[in-house]
Amino acid sequence: MPRLLVKKREEIIEEYVIKKNKIKIFIGSKRGNDIVIVGNGISEKHCTIVSRDNGYIIKDHNTIFGTKVNSKNIIESVLSFDDEICIGEYRLSFLEDISYKQDVLLIPQYYLIGIYGKFYGKKFFLKKEGDTFIGRETLSPRGIENDIILHGDMTVSKGHAKISSIHGQYSITDVGSTGGVAVNGEKLGQLNTLKISLGDEISIGRTIFRVVDYFTENYSLPLKQKLKMLVFFKYLSIFISLVVSLFSFYFLFSGFSTYLTLTSSLSKLNLSLNTNWSKEVPVKTDFSSYNITSTPLVADLDKDGFNDISMLSSNGFLYAWNGLDGNKIWPPIEISNSGVCSLVADDINNDGVADIIIAGNFSLIYIIDGQTGNIIRREFLSGTISKNTPVVCDLDGDGKKDIVVVSEEGNVFFMYSPGFDSSYTKISESVDGPVYASPVILLRKNFSPFVVVANYDSKVFFIDGKTRIKKTVNLLEKSGKVHLVSGAPAIGDINGDGIDEVVVQSNIPQYVSAIDTTNFSVMWTYFVEPIPPSNLKFNSSPVVSDFNGDGICDVAVLSGNGTVQILKGNTLYPSGEMLWKLSIPEAKRIISSPAVYDFDKDGINEIVFGTEDGKLVVAKSNPKRRELEVMTDIKASNLAITSTPILADIDGDGLIEILYTNIQDSIQIVKTNAKTIKNLQIWPMFLANAKHTSIFSDKKIKDISIKKMIIGFLILILFILFKVRSVASKAKKRVKVIYI
């Protein structure tokens with residue numbers, strides 16, 4: 001296939017490749033011609049090249065200015081390879097597209113291409129025999145006509161250099177330029193001559209050219225010029241490409257793997273006791289009477305990326321262990337406490353480290369640095385606060401965490417910014433006592449957080465966390481039932497209106513009431529039968545979650561008499577409505593509060609709790625059978641389990657562990673085969689969080705994983721488009737090759 005190079009002087013404007021089956025090639029200034037060239041002296045239909053007898057001829061169409069072949073006017077002429085056709089100010093070189101013919105090496109045809117700088121992408125024809133002159137203007141100061149004109153670059157002299165070819169041997173000469181000529185990074189010097197060959201890089205003015213032939217066009221960045229910045233930018237470009245690619249693939253892989261983990265179904269939940277991880281603090285030996293005990297917590301205390309465990313013993317010592325190997329993070333800290341108040345973890349001083357908050361005997365509240373075990377603050381309050389778990393939340397919206405502690409006598413202590421000495425304030429409010437239930441936080445859109453306190457006299461108090469304005473709901477007046485509340489309330493949207501309600505569970509008699517927080521009315525009150533044992537001062541807290549898969553939250557109630565009941569949250573019955581009930585007679589009493597999680601990823605949460613006979617039970621609603629059933633259980637202890645189960649990936653293996661303590665102060669871990677995100681905290685402490693809901697949301701993390709995949713995909717697509725556009729932009733500057 002022959003080629004036609006359309007040139008202005010020796011600058012190649014376009015390149016045409018003639019296909020074998022092409023009989024006629026029409027050339028002119030009018031659209032519709034195979035080769036359209038617009039310029040002075042070019043007719044609309046100027047000439048035609050015709051394939052004939054294994055060769056080509058050219059015919060002029062009786063034009064005014066005529067057609068020349070090798071500087072001779074023609075009407076019709078045979079075309080040979082290397083002939084030059086002149087029409088107007090343009091020259092068309094008729095070339096063969098091979099370098100070998102009959103095993104004899106032809107004289108090579110070399111070109112100059114701009115690979116960097118002002119004339120990037122330009123392509124210039126070098127004469128096979130003779131001199132090709134290069135300069136800024138048409139004529140050099142000595143009157144020599146330049147073949148390659150580099151207009152507009154003032155660093156190029158009017159007569160700058162020439163490239164000579166003698167029998168296929170090319171050389172370059174600096175003809176007396178001001179800026180000089182550099183070949184492969186070496187200055188040539190005025191009037192000096194140097195042989196050049198394929199691949200050599202020639203610097204003239206603000207442009208670097210490369211010597212190429214038809215088969216070796218290479219527009220890559222110049223490296224032979226020894227320009228450090230170009231080398232730097234080349235490797236910087238590679239580095240940026242690598243980083244962006246890794247970044248996008250990380251988002252894609254991370255999002256996909258997370259989504260896959262959270263959607264992988266589990267045919268059967270298996271529980272096994274981790275005998276390698278069992279910590280006993282000084283053993284409690286008096287089991288004649290016991291009650292709900294302090295719940296440990298799981299948090300990354302030492303900032304190593306893995307979860308750690310902290311526990312308050314009944315003999316008044318605070319412990320912390322590394323979740324991976326069980327080694328102590330810091331020595332035990334003596335904190336006088338009866339072992340009922342649970343631990344709370346949060347970053348109180350905004351240093352990125354989880355701190356531990358504990359209410360102790362003698363009206364003392366402690367804030368412990370989780371990483372060092374140092375006491376950040378030890379504050380004296382008043383009254384008996386050692387059995388009610390504190391709650392942590394930013395109540396006044398200043399970006400600093402606040403603490404609320406309630407005494408049994410009804411003193412509500414607001415500790416604003418206790419992690420910051422400069423802004424710390426303490427304010428006390430009072431409610432009717434006695435109060436045996438830990439407070440929780442109600443969050444409402446466009447409102448300050450409310451502190452919810454339920455007392456042992458049928459009253460629930462809603463206290464604005466910022467203004468401390470108090471609203472009281474008297475359950476006896478509104479429901480006609482006495483509520484002796486001694487368990488923390490539960491928070492959740494049980495009627496599907498997007499606003500959380502408050503659910504409280506009394507001790508004796510055992511009533512469960514739901515409070516609508518839009519008008520502070522009682523939605524329903526349910527009576528749990530039979531009446532639980534009377535010797536329990538503290539009872540399990542209810543929990544709000546979706547237990548039947550309808551998208552609306554229900555209420556799970558654990559009774560001291562060994563029953564688990566699921567109450568329908570959205571019901572029109574003022575006496576409440578029970579969905580399902582599960583009796584576990586051998587459990588004797590269920591003392592601990594539950595945790596919830598969807599282990600099998602079917603959209604319905606399971607309930608996890610411990611029993612008095614030492615069993616760890618996972619119960620599941622079965623909407624098809626319309627019953628609550630034991631999904632799986634394990635004899636986890638020879639003694640009563642009295643703490644809330646903790647759910648987290650403690651050892652970083654991507655599987656959920658269940659942690660609990662018994663009345664002997666023995667802390668143990670049960671392993672499951674349920675996959676989760678590595679080091680995830682699902683239900684990390686007594687109430688899970690200040691709202692008494694799970695801090696983990698499958699849907700939320702699924703949405704995040706999908707967003708990660710979308711972000712990774714968009715980054716990759718945008719980067720590819722950027723690279724394509726960059727390549728296309730550079731390609732646009734290069735000479736077009738057109739097949740006709």
Side-chain angles (χ1 to χ4, degrees), residues 1-39 41-63 66-72 74-113 121-128 198 212-219 724 727-728 730-740:
M1 292 185 289
R3 292 179 296 132
L4 272 173
L5 305 184
V6 180
K7 306 184 297 180
K8 266 190 176 181
R9 296 183 180 270
E10 299 305 335
E11 180 184 350
I12 300 172
I13 308 301
E14 284 180 335
E15 183 174 337
Y16 293 89
V17 178
I18 303 171
K19 297 177 182 178
K20 287 183 179 179
N21 59 352
K22 188 71 172 176
I23 305 300
K24 292 183 178 181
I25 299 100
F26 296 98
I27 303 171
S29 61
K30 188 178 181 181
R31 287 186 179 181
N33 288 294
D34 296 296
I35 299 175
V36 178
I37 306 174
V38 179
I42 302 175
S43 301
E44 291 183 355
K45 294 184 178 180
H46 198 98
C47 60
T48 305
I49 297 174
V50 182
S51 174
R52 180 182 296 175
D53 299 331
N54 295 324
Y56 290 89
I57 63 169
I58 182 169
K59 295 180 180 180
D60 179 72
H61 290 175
N62 196 26
T63 58
T67 301
K68 294 181 180 180
V69 176
N70 299 330
S71 303
K72 292 182 180 180
I74 59 99
I75 296 174
E76 181 176 319
S77 175
V78 175
L79 271 179
S80 300
F81 292 121
D82 293 331
D83 282 349
E84 192 169 73
I85 304 164
C86 296
I87 53 174
E89 59 181 338
Y90 290 89
R91 301 174 185 178
L92 283 70
S93 292
F94 187 66
L95 303 175
E96 202 171 12
D97 69 339
I98 58 173
S99 297
Y100 291 85
K101 187 175 182 180
Q102 297 178 353
D103 297 327
V104 178
L105 182 65
L106 301 176
I107 295 174
Q109 174 61 62
Y110 283 0
Y111 306 88
L112 274 187
I113 58 172
K122 296 289 186 181
K123 185 175 181 180
F124 300 99
F125 190 88
L126 297 179
K127 295 176 182 177
K128 282 188 177 182
L198 281 177
V212 300
D213 62 12
Y214 179 67
F215 299 101
T216 60
E217 287 191 12
N218 177 10
Y219 286 90
V724 167
V727 170
K730 287 183 176 181
K732 192 175 180 181
K733 295 179 181 179
R734 301 171 190 170
V735 176
K736 292 181 181 179
V737 178
I738 304 168
Y739 288 81
I740 57 174

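Inter-residue side-chain proximity for Tyr739 and Lys19 is flagged as met; some heavy-atom pair is nearer than 4.5 Å. Put simply, the side chain of Phe124 does not reach to within 4.5 Å of the side chain of Ile12, judged on heavy atoms. Here the side chains of Val69 and Ile58 are in contact, with some heavy-atom distance below 4.5 Å. Between Ile738 and Val17, every side-chain heavy-atom pair lies at or beyond the 4.5 Å cut-off. In this structure, the side chains of Asp34 and Lys22 come closer than 4.5 Å at one or more pairs of heavy atoms. A 4.5 Å side-chain heavy-atom check between Tyr219 and Ile113 finds at least one atom pair inside the cut-off. Contact check for Ile18 versus Leu4: side-chain heavy atoms found under the 4.5 Å cut-off.
A search for side chain to side chain donor-acceptor pair (under 3.5 Å) contacts involving Glu84 returns Lys7, not counting sequence neighbours.
Here the shortest heavy-atom pairing between Asp60 and Thr63 reads OD1-OG1, 2.9 Å. Phe125 and Leu5 get closest at one heavy-atom pair: CD1-CD1, 3.7 Å. Minimum interatomic distance between Phe94 and Ser80 (heavy atoms only, all atoms of both residues): CD2-O, 3.5 Å.
When each of Arg734, Lys123, Lys736 is paired with Glu15, the salt bridge (Lys or Arg N to Asp or Glu O under 4.0 Å) condition holds for Lys123 and for no other.
Other residues, nucleotides and ligands place more than 12 heavy atoms under 6.0 Å from the CG atom of Leu198. In this structure, Lys68 places its NZ atom where only 12 or fewer heavy-atom neighbours from other residues, nucleotides or ligands lie under 6.0 Å away. Other residues, nucleotides and ligands place no more than 12 heavy atoms under 6.0 Å from the NZ atom of Lys122. Annotation: Asn70, atom CG; neighbour count of heavy atoms from other residues, nucleotides and ligands within 6.0 Å is above 12.
No donor-acceptor pair under 3.5 Å is formed between the side chain of Glu10 and the backbone N or O of Tyr111. Side-chain N or O atoms of Asp213 include one that pairs as donor or acceptor with a backbone N or O of Thr216 at under 3.5 Å. Not one N or O on the side chain of Asp53 forms a donor-acceptor pair closer than 3.5 Å with the backbone of Gly55.
Here the straight-line distance linking atom CD1 of Ile57 with atom OG of Ser51 works out to 9.5 Å at 0.5 Å rounding. How far CD1 of Ile27 is from OH of Tyr90: 13.5 Å, rounded to the nearest 0.5 Å. Here Ile740 contributes atom CD1 and Ile25 contributes atom CD1; the two are 5.5 Å apart, rounded to the nearest 0.5 Å. Note that CD1 of Ile37 and CG of Leu92 are 4.5 Å apart. Values are rounded to the nearest 0.5 Å.
A donor-acceptor pair shorter than 3.5 Å can be found between the side chains of Glu14 and Tyr16.
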Please list every donor-acceptor pair under 3.5 Å in which a side-chain atom of residues 41-50 meets a protein atom from a residue at least two apart or in another chain.
residue	atom	partner	partner atom	Å
His46	ND1	Ser43	N	3.0
His46	NE2	Gly66	O	3.1
His46	NE2	Thr67	OG1	3.2
Thr48	OG1	His61	NE2	2.6

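Relative to the ring axis of Tyr214, Arg3 places its NZ or CZ within 45° and under 6.0 Å from the centre.
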Determine, stepwise, if the pair Leu95 / Asp82 fulfils side-chain contact (heavy atoms from CB on, under 4.5 Å).
CA-CA 5 Å; Leu95 303 175; Asp82 293 331; 3.4 Å; yes
